[in-house]
Amino acid sequence: MTPEKTNPLKFALTTPLYYVNGVPHIGSAYTTMIADVIARHKRLRGEKILLITGTDEHGQKIQRTAQEKGIPPQEHCDQMVASFESLWDKLDIQYDRFSRTTAPRHQAIVNEFWQRVEKNDDIYLAQQQGWYCVPCEEFKEKRELLENGCCPLHPNKKAEWRDEENYFFRLSKYQEKLEELYQKNPQFIEPESRRNEVINFVSQGLQDFSISRVNVEWGFPVPGNPKHTIYVWFDALLAYVTALLEPEQDPTLENALAHWWPINLHLIGKDILRFHAVYWPAMLMSAKLPLPQKIFGHGFLTKDGQKMGKSLGNTLDPFKLVDNYGADGLRYYFLKEIECGKDGDFNETRFVNILNADLANDLGNLLNRTLGMIQKYCQGSLSALTAADLPQGHTLKTIGLDLGERVIKTYETLKFNEGCEEILTLIRAGNKFIDEQAPWRLYKEGKQSEVERILYAVLESVRLAAYLLAPIIPNLSGKIYQQLGFSIDFNQGDRLAQIAPFNHHSQWGKITANQNLPKPQPIFAKLELPSEESS
Ligand code: MSP
């Protein structure tokens, strides 16, 4: 079975469905920002997008968290969900579906899927003995645990011994089919290092895994045996499918899979790779369903080299960061500074320095000083100039001519850091160009048309950069565009492809003669360095 050939103009992507054992931290925000950037880029290009995010609300971890708070689990989940939704709003995440595993219609999908797998003889009852890591919601091999009996991802939470009857999924049956899948579709798992990790894991031999629990009440009962609840991962992966239902549709697999399936991209962190790249395709093979197109596993955000996470208590509060620095600043830092796929350390001083250097100085100042000079030397308008008036080999035009093409490739391959660097090259060249050409001197010498040509080229560079950065910094790009006389708001979702079509705006030379250029306003105020490093 191979991933489906899909319609290139229709693209469904998912973030993981986040555990609601606590309010969201910056690690959860990271995946969601990446997903939103991909979705925005594709919407600009006219593709139909379905961005799915949501929450994973069942299982022992959540049950215990609610118990500790002394409130019913559903009430706890509802509180946490409100917090996730409010963060996504603050971060300008434009998601299409928010999938909750406690939604009643999700249960119908899970039941139907379970029965399909059961019919294929892939579910059986057996005794499960082993070490269970509750924060991971996963059984671990003894050899995977640290000396203190904890798993390396949660070094402060001891794995617990379990000896109980569970339902098992016959994963071992799918070993060869999975190996064939990875071989035939090298792009099924990316980046390559993750693919190798999975291939290596599978080559050691797959064991069946348990998909029910007997002492966890907080979950869906197993169809036909309500003494068991369905394992949280079996339930959660299927919430990607439930999310595909239209609001008014009956919750059947047939309805859910009719339009958007197969999903084109599951964006996940590297810790949940096995579930998505091994268990999930095997479950789908068992249910005889087409497979998703790609699983991309990004790296971890670390603090002092350790994974940031709720269990370790070393997280950063994304609400505070957005309040202090704004959504665009946060989005820019995480997309530009971290190579998607690798780990990246967060340091607030570096964060502030980068935003000041790139957004306030390089980009913001360039716009500001150029517009200022246009007011001063050209009465606020570049009369009759167009890109055609710039000579062949013009420094900025040369960079700008194929910049759009180069940047598209980086968005398509999730190399956002490289895309940002490409765009910054143009911005930095613009600053250098204006310093070297010194239009203030030419103005004094009465060389008006030369002055205008210089300012035109620089302004066009800022415009192109703003457009290409719009999926990452939609609000700043919108402010820049408005100051260039375009009334375009980059938060307009699907409409953008008509208002600011990619084929047109990603090309060099789109500022037209007599563009109405208002008085400049600073777009990004310089940030203060934090008084002490936040922990
Ligand atoms: N509930 C499961 C996912 C089920 S998907 C059907 C889960 N939830 S989680 O909340 O623990 O993690 C969700 C995602 O956040 C994972 O992709 C994980 O890698 C990511 N991150 C959690 N901490 C992170 C960092 N410190 N850095 C980057 N991403 C991290 O797993």
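The figures that follow rest on heavy atoms only: side chains count, while hydrogens, waters and symmetry mates do not. In this text, all values refer to a predicted model and were calculated from it rather than measured experimentally. Whatever order the structure lists them in is the order used to number ligands and atoms, beginning at 1.
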Asker: Looking only at the aromatic ring of each residue, does the gap between the centers of Phe346 and Phe334 stay below 6.0 angstrom?
Answerer: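 Yes - the distance between ring centres of Phe334 and Phe346 falls below the 6.0 Å cut-off.
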
Asker: Could you walk me through whether Gln94 and Asp36 satisfy the side chain to side chain donor-acceptor pair (under 3.5 Å) test, starting with their C-alpha distance in whole Å, then the side-chain angles of each, then the deciding distance to 0.1 Å, before giving a yes or no?
Answerer: CA-CA 6 Å; Gln94 296 188 323; Asp36 183 61; over 6 Å; no

Asker: Between Tyr240 and His276, is the gap from one ring center to the other below 6.0 Å?
Answerer: yes

Asker: Would Leu301 count as being in polar contact with ligand 1, using the rule that some N or O on each side must be under 3.5 angstrom apart?
Answerer: yes

Asker: If you measure every N or O of Ala236 against every N or O of ligand 1, does any of those distances drop under 3.5 Å?
Answerer: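 Not met; the criterion fails.
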
Asker: For ligand 1 and Leu237, I'd like to know whether there is a polar contact (N/O to N/O, distance under 3.5 Å).
Answerer: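 No.
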
Asker: Numbering the atoms of ligand 1 from 1, which are under 4.0 Å from a heavy atom of Asp56?
Answerer: 1 (N), 2 (C), 4 (C)

Asker: Using a strict cut-off of 4.0 Å, indicate which atoms of ligand 1 neighbour a heavy atom of Ile268.
Answerer: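 Here the atoms of ligand 1 in question are 17 (O).
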
Asker: Can you spot which of Phe169, Phe275, Phe209 makes a ring-ring contact (aromatic ring centres under 6.0 Å, His included) with Trp233?
Answerer: Phe275

Asker: Can you sort out which atoms of ligand 1 are near Gly299, meaning under 4.0 Å from one of its heavy atoms?
Answerer: 28 (C)

Asker: Is there a side-chain contact between Trp114 and Ile211, using heavy atoms and a 4.5 Å cut-off?
Answerer: yes

Asker: Is there a heavy atom in Phe275 that sits closer than 4.0 Å to ligand 1?
Answerer: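 Not so, Phe275 does not reach ligand 1.
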
Asker: Quick one: does Asn120's side chain get under 4.5 Å of Lys173's, heavy atoms only?
Answerer: yes

Asker: If I compare all heavy atoms of Leu469 with all of Ser477, which pair ends up nearest, and what's the gap?
Answerer: C-OG, 3.8 Å

Asker: Below the 3.5 angstrom mark, is there an N/O of His276, backbone or side chain, next to an N/O of ligand 1?
Answerer: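 Not met; the criterion fails.
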
Asker: Could you tell me whether His298 and ligand 1 have an N or O pair separated by under 3.5 Å?
Answerer: no

Asker: Quick check on contacts: which atoms of ligand 1 are under 4.0 angstrom from a heavy atom of Met308?
Answerer: 23 (N), 24 (C), 25 (C), 26 (N)

Asker: Do ligand 1 and Gly269 have nitrogen or oxygen atoms that lie under 3.5 Å from each other?
Answerer: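 Between Gly269 and ligand 1, an N or O pair is found under 3.5 Å apart.
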
Asker: Tell me every residue that passes ring pair (Phe, Tyr, Trp, His ring centres under 6.0 Å) with His41, counting only those two or more places apart in sequence or in another chain.
Answerer: Tyr411, Phe502

Asker: Judging by distance only, is a nitrogen or oxygen of Asp271 under 3.5 angstrom from one on ligand 1?
Answerer: yes

